[in-house]
Enquirer: 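This is the structure I want to talk about, given as structure tokens.
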Amino acid sequence: MNKTLDLETLASLCKRRGFIFQSSELYGGINGFWDYGPLGCELKRNIKDAWWKAVVRTREDVVGLEASIIMHPAIWKASGHADGFADPMVDCKDCRKRFRADQLCEEQGVELIKTEATFALPDGVQCPACGSKNLTPPRSFNLMFKTFVGPVEDETNVAWLRPETAQAIFAQFSNIVATARQKVPFGVAQMGKSFRNEINPRNYTFRSREFEQMELEFFIRPDEAVELICGHVTQLDDKPDLMGPPQASWGWNVWLHYWIEQRLTWYRAIGLPEADLEQYWQVGDELAHYARACVDIEYAFPFGVQELEGIAARADFDLTQHQTHSGKHMDIFDETLKQAAAKLDDPAREAFTRKVVTDWTRQGKSEEDARAFVAKLFDGKYIPHVIEPSAGTDRLALALLSNAYDEETFTDHKGKTDTRTVMRFHPSIAPIKLGVFPLVKNKPELYGKARDIFAQLQRRWNCFWDESGAIGRRYRRMDEAGTPWCVTVDFQTLDDDTVTLRERDNMQQVRLSLSDLVDKLDAEIG
RNA sequence: GCGGGUAUAGCUUAAUGGUAAAGCUCCAGCCUUCCAAGCUGGCUAUACGGGUUCGAUUCCCGUUACCCGCUCCA
């Protein structure tokens, strides 16, 4: 990344050129909300299109979903968001530190007092930092936005804006299985707005209260089913080819690493340098209790290395939760598995069962559950496990903006130094692909030719017409917008239908025919 | 949510208890045969709400937003 870039410089350019505005600026702004201007919305659209293309369209094993933002509140009870998002907090009035009330009480061996909707601290609870007993009452900080469905605002009509897009995929899992003609392993992808009432939005658009996610739930067989079908489970030690086509024998950990590689490859393809991407593996307490593993893909933002995407192995936690809460089974039937199981004789079945029981009990699960699970496997049924790559679109837009920003100082042939601000977007995500200019605007023949060429190119790509000011100024304006190429129509064009193509990054020009131009752009934009 | 700081035009800055200035950008026109050229003209600002005052952009209070440090990030 550009080490000298600070967020205010970037924010200033984003406003000046129309990438990002403060939401509701006319009325003083509103904390944690941002708008994307003409260039910003093109950038975001390109990001989403690129993700959709990579994750859904170019794969046979992923389908899409677009669910409503407001869903049945029971979904958030099943997922744990309704409770987990409502931790009561206390502040120390003396040293001004803040703590979770339930943790504070637990540490000090007392019980947090709960009534219907409020909490209270028992007497004698102290601030662990300074020892003061001068604490505020516990206050809930529910991170979900609450609203009411229908005109009556009472507790029976409460609903929440979704805090993540993922849950809808689980909630619609059965419908998708019934209609998509997919077999496990397969994935369901969704992009869309999510809302979290963050206590403290910070770092420009990085942590916003309304944000967009691009999430994939990739459903896989439990390792035990893989073993029944393939006779073995491929582990990382077997050195599977993660860049090649997925294999039926892969265990969950191989699938996790496969998706990490897929996602890193994609980030590099849209222009984030490998050196600025990091993996952070969550350990111990950081890991949600149900997660087997979670890796954050992080980017070196101007304000520090921060998460772009989390890729989690969540086992069958979510579908099981919805099965429990809804009372509807989430098993899928796997013909291949049933046939594999049918080939086992009784001793082989018994040996397999003993092995699973041993594994499960070692993990602290009950023998009864293990036996029930195996019995279902033999019938070809299981609840799929899931690998969840979950990316933040706005964070990625900010990363791409940070990465693209560059200032270039050079001395021209007259000995004058000049600074050029240039957004070096990868062509695939650049808001405008091409600037189209007449060299001068007061020659009707030239002007008309340039308009014709513009109209032709505009059918394929987002192009920008500019006729005002000197040609150099027009190039520089496109540099700040991050437009990778500019086409200038000059007098030679009238003779031989060639144009000059000026490249943003090196400011070099080449002359080429219109058909060569189209081929070149096709190849480079992708 | 706490503490500190900041708020003048699209951007960067100036000035002032009494007509808010400039550069760049932007727009229009002229000119212009390739890197922010020149000339002419134009649009645009004291974050919001109170208070003190004859008069407040300036002093005071509150609010909002942004930045930094805590906190938070299920």
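Each chain gets a letter, A, B and so on, in the order the sequences are listed, and its residues count up from 1.
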Enquirer: Tell me: CZ of Arg16(A) to P of C11(B), nearest whole Å?
Expert: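 Value for this atom pair: 9 Å.
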Enquirer: Using 30° and 60° as the class boundaries, would you call the ring planes of Phe437(A) and Tyr475(A) parallel, tilted or perpendicular?
Expert: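 Because their plane-to-plane angle lies in the 30° to 60° range, the rings of Phe437(A) and Tyr475(A) count as tilted.
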Enquirer: Between the protein and nucleotides 26-31 of chain B, are there any N/O to N/O pairs under 3.5 Å, and if so, what are the atom names and distances?
Expert:
{"from": "C26(B)", "atom 1": "OP1", "to": "Arg477(A)", "atom 2": "NH1", "distance (Å)": "2.6"}
{"from": "C26(B)", "atom 1": "OP2", "to": "Arg473(A)", "atom 2": "NH1", "distance (Å)": "3.1"}

Enquirer: State which residue, out of Phe195(A), Trp76(A), Trp160(A), Phe145(A), fulfils the ring pair (Phe, Tyr, Trp, His ring centres under 6.0 Å) condition with His81(A).
Expert: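 Option passing the ring pair (Phe, Tyr, Trp, His ring centres under 6.0 Å) with His81(A): Trp76(A).
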Enquirer: Indicate, with a heavy-atom threshold strictly under 4.0 Å, whether Ser12(A) touches base, sugar-phosphate, or nothing.
Expert: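 Touches sugar-phosphate only.
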Enquirer: Among the candidates C11(B), C73(B), A36(B), find the nucleotide nearest to the side-chain atoms of Arg207(A).
Expert: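 Per side-chain heavy atoms of Arg207(A), the pick is C73(B).
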Enquirer: Could you list the residues that satisfy salt bridge (Lys or Arg N to Asp or Glu O under 4.0 Å) with Asp497(A), not counting sequence neighbours?
Expert: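 Once residues adjacent in sequence are excluded, the partners of Asp497(A) under the salt bridge (Lys or Arg N to Asp or Glu O under 4.0 Å) criterion are Lys449(A).
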Enquirer: Nearest-Å distance, CZ (Arg202(A)) to P (C2(B))?
Expert: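 Answer to the nearest Å: 12 Å.
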Enquirer: Counting side-chain heavy atoms from C-beta on, which of C11(B), A74(B), A36(B) comes nearest to Glu480(A)?
Expert: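 Closest nucleotide among those given: A36(B).
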Enquirer: Please report, rounded to the nearest Å, how far the P atom of A36(B) is from the CZ atom of Arg420(A).
Expert: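 Computing the Arg420(A):CZ to A36(B):P distance gives 11 Å.
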Enquirer: Sequence neighbours excluded, which residues qualify as side-chain hydrogen bond (donor to acceptor under 3.5 Å, both in side chains) partners of Asp519(A)?
Expert: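 With neighbours one apart ignored, the set is empty.
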Enquirer: If you check every side-chain atom of Phe491(A), which of G10(B), U33(B), C35(B) has the closest atom?
Expert: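 Between G10(B), U33(B), C35(B), the one nearest the side chain of Phe491(A) would be U33(B).
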Enquirer: Spell out yes or no: do the side chain of Thr500(A) and the base of C34(B) have one donor N/O and one acceptor N/O closer than 3.5 Å?
Expert: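 Looking at the base of C34(B), it does pair with a donor or acceptor on the side chain of Thr500(A) (distance under 3.5 Å).
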Enquirer: Can you check whether Phe301(A) and Phe206(A) have ring centres sitting under 6.0 Å from each other?
Expert: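 Close enough - the centres of the two rings lie under 6.0 Å apart.
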Enquirer: Identify, with sequence neighbours excluded, every residue that meets ring-ring contact (aromatic ring centres under 6.0 Å, His included) alongside Trp465(A).
Expert: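 For Trp465(A) the ring-ring contact (aromatic ring centres under 6.0 Å, His included) partners, ignoring immediate neighbours, are Tyr447(A), Phe454(A).
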Enquirer: Run the side-chain hydrogen bond (donor to acceptor under 3.5 Å, both in side chains) test against Asp516(A) and tell me which residues pass, sequence neighbours left out.
Expert: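 Per chain and number, Asp516(A) pairs via side-chain hydrogen bond (donor to acceptor under 3.5 Å, both in side chains) with Ser513(A).
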Enquirer: Which pairs, protein N/O on one side and nucleotides 62-66 of chain B N/O on the other, fall under 3.5 Å?
Expert:
{"from": "U64(B)", "atom 1": "O2'", "to": "Gly28(A)", "atom 2": "O", "distance (Å)": "3.2"}
{"from": "A65(B)", "atom 1": "OP1", "to": "Asn31(A)", "atom 2": "N", "distance (Å)": "3.2"}
{"from": "A65(B)", "atom 1": "O4'", "to": "Gly28(A)", "atom 2": "O", "distance (Å)": "3.1"}
{"from": "A65(B)", "atom 1": "O3'", "to": "Gln22(A)", "atom 2": "NE2", "distance (Å)": "2.9"}
{"from": "A65(B)", "atom 1": "O2'", "to": "Gln22(A)", "atom 2": "NE2", "distance (Å)": "2.4"}
{"from": "C66(B)", "atom 1": "OP2", "to": "Asn31(A)", "atom 2": "ND2", "distance (Å)": "2.6"}

Enquirer: Find the partner of G69(B): check Watson-Crick (N1-N3 plus N6-O4 or O6-N4) and G-U wobble (N1-O2, O6-N3) distances, both under 3.5 Å, and reply none if neither fits.
Expert: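 By the stated definition (distances under 3.5 Å), C2(B) pairs with G69(B).
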Enquirer: By nearest nucleotide on RNA chain B, pick out whichever of Asp479(A) and Arg474(A) is the more 5' one.
Expert: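 Nearest-nucleotide comparison on RNA chain B picks Arg474(A).
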Enquirer: Taking the C1' atom of each, how far is A9(B) from U44(B), in whole Å?
Expert: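 Looking at atom C1' only, A9(B) and U44(B) are 5 Å apart.
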